[in-house]
Amino acid sequence: MSAAVDVDVLVVGGGHAGLAFARLLAVLGGGRRPGLSIAVLDAGDAPATAPDAEVGLRVVALSPGSRTILERCAAWPLLPAQRVGPYRRMVVWHPAGAPDGAASIHFDAAGQGVAELGYIVENELLRAALWHAPGGGLQLLPATKPAALAIDADAASVSLAGGGLLRARLVVGADGHASWLRQALGVGAQHRAYGQHAVVAHLASERPHDDTAWQCFLPDGPVALLPLADGRVSLVWSCASARAAGLLALGIPEFEREVTAAMGGVLGGLRLTTQRAAFELAAANAAQYSGLRFALIGDAAHRVHPLAGQGVNLAFRDAVVLAQVLADHLALPHADPGDPLALRRFERARRGENAATISAMSLINAAFSSSVPGLSRMAGHGLALVDRLGPVKARLADMAMGRTGEVPAWVRRGSAS
Ligand SMILES: Cc1cc2nc3c(=O)[nH]c(=O)nc-3n(C[C@H](O)[C@H](O)[C@H](O)COP(=O)(O)OP(=O)(O)OC[C@H]3O[C@@H](n4cnc5c(N)ncnc54)[C@H](O)[C@@H]3O)c2cc1C
């Protein structure tokens, strides 16, 4: 690309957040402002159309609310059914007790009046479904790296590393937790390292996973086994960074023994079937989500501990709200998509839930992995208490399933209003 290209909205980052936002805006905003032009650039290549034979190492737990959003993006049908692992139960416990004893909490789909509590989906398949979803109105620019940003009264201009210039009335940062755009804007982020890494791998289990997400809160962090569609389980073991390095370095039989013991043998013996990898964990919240000609969504705006699998779910809700705020605004004659007052409505709507989730996850992680004598055990008793407190438990289930009132009617009904 050598000449300058003008668009109404430029999304930097074609990951889960950026693609969902662009698709939703094309659906809703395109109806209200015919000819609305939207481009999405990503530093990486376009995802492959056919999935790899091997199940990807990175998976996410999606809420039913996120499924509804993906259906509205026309992306859900592109996920191969044999690679989507629905889960119908969630069991969380403290190692002082047993998965079915005191100090545990149980959720099941039937009790919540739903068919599934959520779905385990590979990150790359999810991104591919959003990238290749049918529906026009989007210009997708893979392997395109931004190099410099300038914002003035008329446009946000992004110079590209390979030459060329993209000018937009609004630039949306969806380029992940190390967001280039957020840094180019000079927007700070409150950042807190947990001193933990998450070790991930897929394992075969002696006993069937029973479509259940299993999670045990060990003293240095939660360890979870998520049910994969092919019968295996996906491990997400959040633990002190030094321990994570040690787990990666262990021989395979020793690693298998450690994981089996960490989960209290809940699924019998576990056998490693893939590579292992580790990801650093941190919490972050950007000082601003919006301003003149910019908005930030997904991990570019906030980062949350994965213990309750909320990162993508929050990112999708950012995408819905920003698309709706913009579409409403663009219905006004001559409205400017980069208007900071309109964008502020998005920030006001989203900051509360994101901040509350970051704090709740940090608090849970700190309480269970506390070195304060007795605190972790007290948190374990708290689990049992919550399990018996109907309304509190129902509220937790609503949050986990993305039923917090954030999915508006135009997304649920599948018809733009
Ligand atoms: C171990 C682990 C387990 C998790 N489990 C869950 C879970 O179960 N459920 C859940 O909801 N969340 C989970 N999360 C969180 C989730 O993965 C993230 O919140 C989510 O992927 C964020 O999506 P995003 O689109 O904002 O960012 P990303 O997925 O990071 O996408 C960013 C995109 O921007 C592109 N990009 C980056 N830099 C540039 C640049 N300079 N220029 C152009 N493009 C760029 C990248 O190529 C990428 O495509 C987990 C996270 C971890 C670490």
Side-chain angles (χ1 to χ4, degrees), residues 10-22 39-47 56-63 65-67 69 85 87 90 118-124 126-128 130-131 140-149 158 160-162 166 171-184 194 196-201 213 215 221-224 226 234-239 244 276-284 286 296-319 354 357-358 361 400-402:
L10 171 65
V11 182
V12 175
H16 307 122
L19 290 168
F21 162 70
V40 183
L41 69 79
D42 198 280
D45 292 332
L57 212 47
R58 293 287 308 270
V59 300
V60 285
L62 290 180
S63 67
S66 288
R67 173 185 172 155
I69 293 166
Y87 59 96
M90 250 160 66
Y119 312 87
I120 307 300
V121 180
E122 292 155 64
N123 281 27
E124 263 316 292
L126 183 57
R127 178 166 179 257
L130 281 161
W131 185 280
L140 296 173
L141 305 168
T144 304
K145 256 195 124 165
L149 172 78
V158 174
L160 302 177
L166 287 165
V171 63
V172 175
D175 49 346
H177 65 83
S179 174
W180 169 85
L181 189 78
R182 191 185 65 230
Q183 292 173 50
Y194 287 116
Q196 289 178 327
H197 275 65
V199 175
V200 301
Q215 179 157 261
V223 54
L226 307 174
S234 181
L235 170 76
V236 185
W237 188 344
S238 305
C239 55
R276 292 161 270 181
F279 300 90
E280 191 182 6
L281 303 180
L296 299 172
I297 60 174
D299 277 18
H302 44 77
R303 206 171 161 196
V304 54
H305 197 290
L307 68 86
Q310 287 301 310
V312 173
N313 297 302
L314 292 176
F316 283 166
R317 296 211 283 278
D318 288 352
N354 291 333
T357 309
I358 294 167
M361 296 311 127
M401 290 192 294

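Just so you know, ligand 1 is whichever comes first in the structure, and atom 1 is the first atom listed for that ligand.
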Inset, instruction - From the options Asp299, Asp175, Val158, select the one whose nearest heavy atom is closest to atom 34 (O) of ligand 1. - result: Asp175
Inset, instruction - Determine whether Val12 and Val171 make a side-chain contact, defined as any pair of heavy atoms from C-beta on separated by less than 4.5 Å. - result: yes
Inset, instruction - List the closest protein heavy-atom neighbour of atom 15 (C) of ligand 1: residue, atom name, distance to the nearest 0.1 Å. - result: Gly311 CA, 3.9 Å
Inset, instruction - Look up atom CG in Leu41 and atom CG in Leu166, then write down how far apart they are to the nearest 0.5 Å. - result: 6.5 Å
Inset, instruction - Give a yes or no on whether the backbone of Asn123 and the side-chain of His16 come within a donor-acceptor separation of less than 3.5 Å. - result: yes
Legend entry - Main-chain N/O of Gly56 paired with Glu122 side-chain donor or acceptor, under 3.5 Å: yes
Legend entry - ligand 1-proximal atoms of Ala43, by part, heavy-atom distance under 4.0 Å: both
Legend entry - Modelled atom types, side-chain donor and acceptor of His302 and Asp318, under 3.5 Å: yes
Inset, instruction - For the pair Thr144 (side chain) and Pro142 (backbone), establish whether a donor and an acceptor sit closer than 3.5 Å, ignoring hydrogens and angles. - result: yes
Legend entry - Lys/Arg-Asp/Glu bridge criterion (N-O < 4.0 Å) met for Asp299, Arg182: no
Legend entry - Protein contact to atom 3 (C) of ligand 1 [nearest heavy atom, distance to 0.1 Å]: Pro306 CB, 3.6 Å
Inset, instruction - Tell me which one of Gly118, Gly15, Ala178, Gly13 gets a heavy atom nearest to atom 31 (O) of ligand 1. - result: Gly15
Inset, instruction - Please work out whether any backbone atom (N, CA, C, O) or any side-chain heavy atom from C-beta onward of His177 is under 4.0 Å from ligand 1, and answer side chain, backbone, both or neither. - result: neither
Legend entry - Contact check: Ala61 vs ligand 1, nitrogen or oxygen atoms, below 3.5 angstrom: yes
Inset, instruction - State whether the side chain of Asn313 and the backbone N or O of Ala61 hold a donor-acceptor pair below 3.5 Å, judged by distance alone. - result: yes
Legend entry - Ligand-side contact atoms (ligand 1) for residue partner Gly298, heavy atom cut-off under 4.0 Å: 26 (O)
Legend entry - Protein heavy atom at shortest distance from atom 6 (C) of ligand 1: Val60 CG1, 3.6 Å
Inset, instruction - Examine Val312 against ligand 1 and note whether any of their N/O atoms are separated by less than 3.5 Å. - result: yes
Inset, instruction - Would you mind checking which non-hydrogen protein atom is closest to atom 48 (C) of ligand 1, with the distance to 0.1 Å? - result: Asp42 OD2, 3.5 Å
Legend entry - Proximity to ligand 1 by part of Ala17, non-hydrogen separation under 4.0 Å: both
Legend entry - contact_flag Glu280 ligand 1 heavy-atom lt 4.0 Å: no
Legend entry - Whether Gln310 lies under 4.0 Å from ligand 1, heavy atom: yes
Inset, instruction - Measure the CG-CG distance between Leu140 and Asp42 for me, rounded to the nearest 0.5 Å. - result: 9.5 Å
Legend entry - The one among Val121, Val59, Val236, Leu181 that brings a heavy atom closest to atom 5 (N) of ligand 1: Val59
Inset, instruction - Check each heavy atom of Arg127 against ligand 1 and say whether those closer than 4.0 Å belong to the side chain, the backbone, both or neither. - result: side chain
Legend entry - Contact partition for Ala174 relative to ligand 1, non-hydrogen atoms under 4.0 Å: backbone
Legend entry - Any donor-acceptor N or O pair under 3.5 Å, side chains His305, Gln310: no
Inset, instruction - Starting from atom 17 (O) of ligand 1, locate the nearest protein heavy atom and write down its residue, its atom name and how far away it is, to 0.1 Å. - result: Arg58 NH2, 3.6 Å
Legend entry - Shortest reach to atom 41 (N) of ligand 1 by a heavy atom, considering only Trp180, Trp237, Phe316: Trp180
Legend entry - ligand 1 N/O within reach of His16 N/O, cut-off under 3.5 Å: yes
Inset, instruction - Check whether any side-chain heavy atom of Leu281 lies under 4.5 Å from a side-chain heavy atom of Pro306, and answer yes or no. - result: yes
Inset, instruction - Decide whether a cation-pi geometry holds between Arg67 and Phe316; the criteria are a distance under 6.0 Å from NZ or CZ to the six-membered ring centre and an angle within 45° of the ring axis. - result: no
Legend entry - Atoms of ligand 1 close to Asn313 [distance to a heavy atom under 4.0 angstrom, numbered from 1]: 11 (O)
